[in-house]
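Below is one structure, written out as structure tokens, with a few remarks after it.
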Amino acid sequence: VEAGFACPMEVEKGLNDKMENEEHAKEIDYCDVGSRTLAFPSISTADFQFDLDRASDVIVDTAFKFLQKFDNIRLVLVDLSEKSRILSLVKQKAAKKSIDSNRFFTYVGDITQLHTKGGLQCSVIANAANWRLKPGGGGVNAAIYNAAGESLQHATKKCADALRPGTSVVVPLPSTSPLHQREGVTHVIHVLGPNMNPMRPDYLKNDYTRGSKILCEAYNSLFESFASIVQ
Ligand code: AR6
């Protein structure tokens with residue numbers, strides 16, 4: 001538990017109502033819930049132009065299986081807008097599968113400001129990266145590198161210099177990083193998803209048989225990476 005992120009019972013604005021919070025409190029030990037929470041963006045569905053309906057199937061299926069394997073962890077899918085279609089698709093499909101909404105929920109906000117703006121404690125966040133693991137570009141990659149400062153680049157270089165689609169790499173975030181200090185983020189997991197944008201590398205030309213398989217591998221790799229940090 002980080003200094004300033006001590007126990008417990010923070011009010012989590014991301015959760016819908018008080019009842020949910022109370023039920024949740026019974027199940028999960030609040031003292032280090034932040035360190036067992038992964039916040040992640042929807043991989044490949046903006047700049048990489050992956051179909052949202054297919055992506056939502058993959059997210060719900062892989063999350064469901066992962067949550068069955070490991071208890072005592074939380075997954076939070078984050079997107080910027082109230083109107084996010086991927087969030088509403090995932091919400092609907094997760095409810096159909098009766099996934100425990102305390103262990104898997106969606107959250108509207110900036111993934112780099114979960115604690116300060118939303119009161120959410122998430123020590124581990126995922127990034128929808130590019131294959132070179134470079135800062136910039138746009139979307140969530142630019143947001144995370146900007147918020148984390150230069151130390152994320154250095155830390156990333158120590159771990160890997162490239163990613164294949166469908167894989168991920170865990171980067172411990174130095175305690176000097178503003179994202180660590182302000183938001184309590186201890187690890188960034190870079191994930192490279194499948195690309196359906198003709199202007200980007202490894203373009204899959206609308207091949208959704210391969211695309212869905214790679215997206216599935218990407219989430220499995222992300223969740224396993226997260227589990228390796230928590231265990
Ligand atoms: N907080 C939360 N979610 C966000 C944020 C944010 N600050 N910014 C964007 N999203 P994208 P991709 C959501 O395009 O499709 C990059 O340039 C966004 O609404 O970031 O995997 C990389 O360098 C969407 O739901 O990632 C790669 O080259 C999700 O994050 C390429 O884009 C992912 O959108 C990767 O493309």
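At least one donor-acceptor pair closer than 3.5 Å links the side chain of Thr186 to the backbone N or O of Ser123. Panel note: side chain Ser225, backbone Val169; no donor-acceptor pair is recorded below 3.5 Å. Checked by atom type and distance alone, the side chain of Ser35 pairs as donor or acceptor with a backbone atom of Asp32 at under 3.5 Å. With hydrogens and angles disregarded, no donor-acceptor distance shorter than 3.5 Å links the side chain of Ser56 to the backbone of Leu89. Judged purely by atom type and a 3.5 angstrom limit, Arg85 has no side-chain atom pairing as donor or acceptor with the backbone of Leu52. Without hydrogens or angle criteria, Ser44 side chain to Phe50 main chain gives no donor-acceptor distance under 3.5 Å. Using a distance-only test at 3.5 Å, with no hydrogens or angles considered, no donor-acceptor pair links the side chain of Thr167 to the main chain of Leu163. A donor-acceptor pair is defined here as one N or O able to donate and one able to accept, closer than 3.5 Å; such a pair exists between the side chain of Glu183 and the backbone of Thr116. Proximity of a side-chain donor or acceptor of Ser42 to a complementary backbone N or O of Thr45 within less than 3.5 Å is not detected.
Using a 4.5 Å heavy-atom threshold, the side chains of Gln121 and His115 count as touching. Looking at heavy atoms from C-beta onward, Val76 lies out of side-chain contact with Thr106 at the 4.5 angstrom threshold. Inter-residue side-chain proximity for Ile86 and Ile59 is flagged as met; some heavy-atom pair is nearer than 4.5 Å. Side-chain contact between Ile189 and Val124: present, with at least one pair of heavy atoms (C-beta onward) separated by less than 4.5 Å. Side-chain contact between Leu75 and Phe226: present, with at least one pair of heavy atoms (C-beta onward) separated by less than 4.5 Å.
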Apply side-chain hydrogen bond (donor to acceptor under 3.5 Å, both in side chains) to the pair Ser175 and Gln181, showing each step before the final yes or no.
CA-CA 6 Å; Ser175 57; Gln181 286 174 0; over 6 Å; no
Would you please test Lys157 and Asp161 for salt bridge (Lys or Arg N to Asp or Glu O under 4.0 Å) and show each step?
CA-CA 6 Å; Lys157 266 193 201 136; Asp161 44 31; over 6 Å; no
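Between Glu217 and Arg210 there is no salt bridge, since no side-chain nitrogen of the basic residue lies less than 4.0 Å from a carboxylate oxygen of the acidic one. For Asp53 and Lys93, the salt-bridge test passes: some basic side-chain N is under 4.0 Å from an acidic carboxylate O.
Contact between Val188 and Val185 at its shortest, heavy atoms only, is CG2-CG1, 4.3 Å.
The number of heavy-atom neighbours closer than 6.0 Å to CD of Gln68, taken from other residues, nucleotides and ligands shown, is above 12.
Aromatic ring pairs are classed by plane angle as parallel below 30°, tilted from 30° to 60° and perpendicular above 60°; the pair Phe40 and Tyr219 is perpendicular.
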